[in-house]
Amino acid sequence: MDDMEIIEEMNEESMDYETRQEQKLEEMHRLLDEKKLKALQEHLEASDAFDVAEFITELPEQQMIRVFRVLSKEHGADVFAELDAPEQEYIINSVTDAELGNILDELFLDDTVDMMEELPANVVARVMRISTPETRRLINQYLKYPENSAGSLMTAEFIDLKKYMSVKESFARIKRIGADKETIYTCFVTSADRKLEGVVTVKDLIMADEDDIIEDIMNELLIYATTEDDQEDVSTMFSDYNLLTIPVVDKERRLVGIVTVDDVMDVMEQEATEDIELMAAITPSDKPYSRTPVTEIWGNRLPWLMLLMLSATFTSMIITSFEDALATQAALIAFMPMLMGTGGNSGSQASTAVIRSLSLGDTEPRDVLMVMWKELRVSILCGLCLAIVNFGKMFLLDKFILGNSDINLMIAVTVSATVLFVVVFAKIVGCTLPMLAEKIGIDPAVMASPLITTLTDAVSLLIYFSIAKVLLGA
């Protein structure tokens, strides 16, 4: 290696991830534009399947299939699994039955099932027709599991061993069947009737003598999921126990599949996206934003906006009922937006913290009293600080600097006292509603910012006018 090559390698290592990715894609585009297909093929084969999928996604449809066909059968299947549903559908519709059969032969079963769930019925019918009878049977079995369950997420491609096997025999089996398995690092020990008995890792096998028996080195303290378990619970198990893979069993504890960490990472992203959308009052979508049609986005957002707009009618009714009080104390009007905003922000803080805690398994609905007690203390501290600052601001800024002569001591006390009570109410509601939702089986994210803000807006005004009536006689 000469000095220039060393310098180039050092420069490449010093680049951040995004810069390296951009350079890879630019090089692929350059080779394609210059029609150097042999060099492009070598470059693609040497690149990770994810990078190649990113490149193919950026191409026009005519070039997409052209580039896909230069890939080897094995690498092509890996790239196909990384593509989104629209690109997968286009490729399936563009290739011959023989080419499609090669792709299906190389795909892992969980990737095939994921693909089938996204594709139109006519494309699914063609895939099922070309698949082998065994693959069709497994696909139909997996599609019967509830959506977003461990059963729908798992793959049947795992290494199974018997407890009477020696380490030497185990390695021989791994070498014989491991090429087509999702993972070979973690192996599962099953009985003659496929019941899960233990787990052993390749590290355990390497460290043992080749004559040792699996029963003597396997771990019988099993962490496993059932086919009906929710995928979010499965992802929590991965996080809690630092797992790379987890076995999935049926009601008789027979091993039917495994879930690997790469699948769980997709679940975590999906669940986080769903929670963010719910917290923003958007009906969750299973499509990326860039691929979602305008009409679908409109349909996802409009019902929530309509509900929140109509619920704001209560706020208008409260203001209307206190028109006489506002007429005699016009200074009160100026502080209504601040009080409503403070209530909404306080409730959002509490709900976000509690929703996050629930999703991580840090708290459960039965901890509601503990959470309420903590938020009560937090809200009192926050409310007192905000009330004191607001009191000083009203006199220093509003009265003396801005010259608002309508502000007097009692109005400042009224607004500041309202701040305290509004913060306390908002934080209690913000922590309680998500836990109530979790208790009755609703996603806690539904009880987030928009709904809580609408509720606290109305109650904030009730508190405000009630205190004003007592202190000002309004």
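Below, all heavy atoms of this structure are taken into account, side chains as well, without hydrogens, waters or symmetry copies. The residues of the chain are indexed from 1 along the displayed sequence.
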Could you pull out every donor-acceptor pair under 3.5 Å between side chains of residues 173-189 and any protein atom, sequence neighbours left out?
| from | atom 1 | to | atom 2 | distance (Å) |
| --- | --- | --- | --- | --- |
| Arg173 | NE | Asp160 | O | 2.7 |
| Arg173 | NH2 | Asp160 | OD1 | 2.8 |
| Thr183 | OG1 | Tyr185 | N | 3.3 |

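- The shortest distance between side-chain heavy atoms of Ile206 and Val202 falls below 4.5 Å.
- Considering all non-hydrogen atoms of both residues, Ser379 and Val423 come closest at O-CG1, 3.6 Å.
- Evaluation of the side chain to side chain donor-acceptor pair (under 3.5 Å) rule for Glu106 yields no partner, not counting sequence neighbours.
- Around the OH atom of Tyr224, the shell of radius 6.0 Å holds no more than 12 heavy atoms that belong to other residues, nucleotides or ligands.
- The closest side-chain donor-acceptor pair between Thr190 and Lys162 falls under 3.5 angstrom.
- At most 12 non-hydrogen atoms from other residues, nucleotides or ligands lie less than 6.0 angstrom from CD of Glu147.
- Ion pairing between a basic and an acidic side chain is recognised when a charged N comes within 4.0 Å of a carboxylate O; Glu27 and Lys24 show no such pairing.
- Screening residues 201-230 for salt bridge (charged side-chain N to carboxylate O under 4.0 Å, His left out), with sequence neighbours left out, gives no hits.
- Remark: Met128 CE is packed, more than 12 non-hydrogen atoms of other residues, nucleotides or ligands lying under 6.0 Å away.
- Remark: the Thr132 side chain and the Glu134 side chain contain no N/O donor-acceptor pair separated by less than 3.5 Å.
- Surrounding CZ of Arg129 are more than 12 heavy atoms belonging to other residues, nucleotides or ligands, all under 6.0 Å away.
- In this structure Glu375 satisfies the side chain to side chain donor-acceptor pair (under 3.5 Å) test with no other residue, sequence neighbours excluded.
- For the side chain to side chain contact (heavy atoms under 4.5 Å, CB included) test, no residue two or more places apart in sequence or in another chain qualifies with Ser239.
- Looking at Arg253, Lys163, Arg254 one by one, the single match for salt bridge (Lys or Arg N to Asp or Glu O under 4.0 Å) with Glu197 turns out to be Lys163.
- Using a 4.0 Å cut-off between a side-chain N of Lys or Arg and a carboxylate O of Asp or Glu, Glu252 and Arg194 do not qualify as a salt bridge.
- Remark: Phe55 engages His29 in a ring-ring contact (aromatic ring centres under 6.0 Å, His included) (not counting sequence neighbours).
- Using a 3.5 Å distance cut-off with no hydrogens or angles, the side chains of Asp263 and Thr260 do pair a donor with an acceptor.
- In this structure, Arg126 pairs ionically with Asp97, as a charged nitrogen and a carboxylate oxygen lie closer than 4.0 Å.
- Between Val259 and Met154, the closest side-chain pair of non-hydrogen atoms falls below 4.5 Å.
- Distance alone, capped at 3.5 Å, places no donor-acceptor pair between the Thr363 side chain and the Asp367 backbone.
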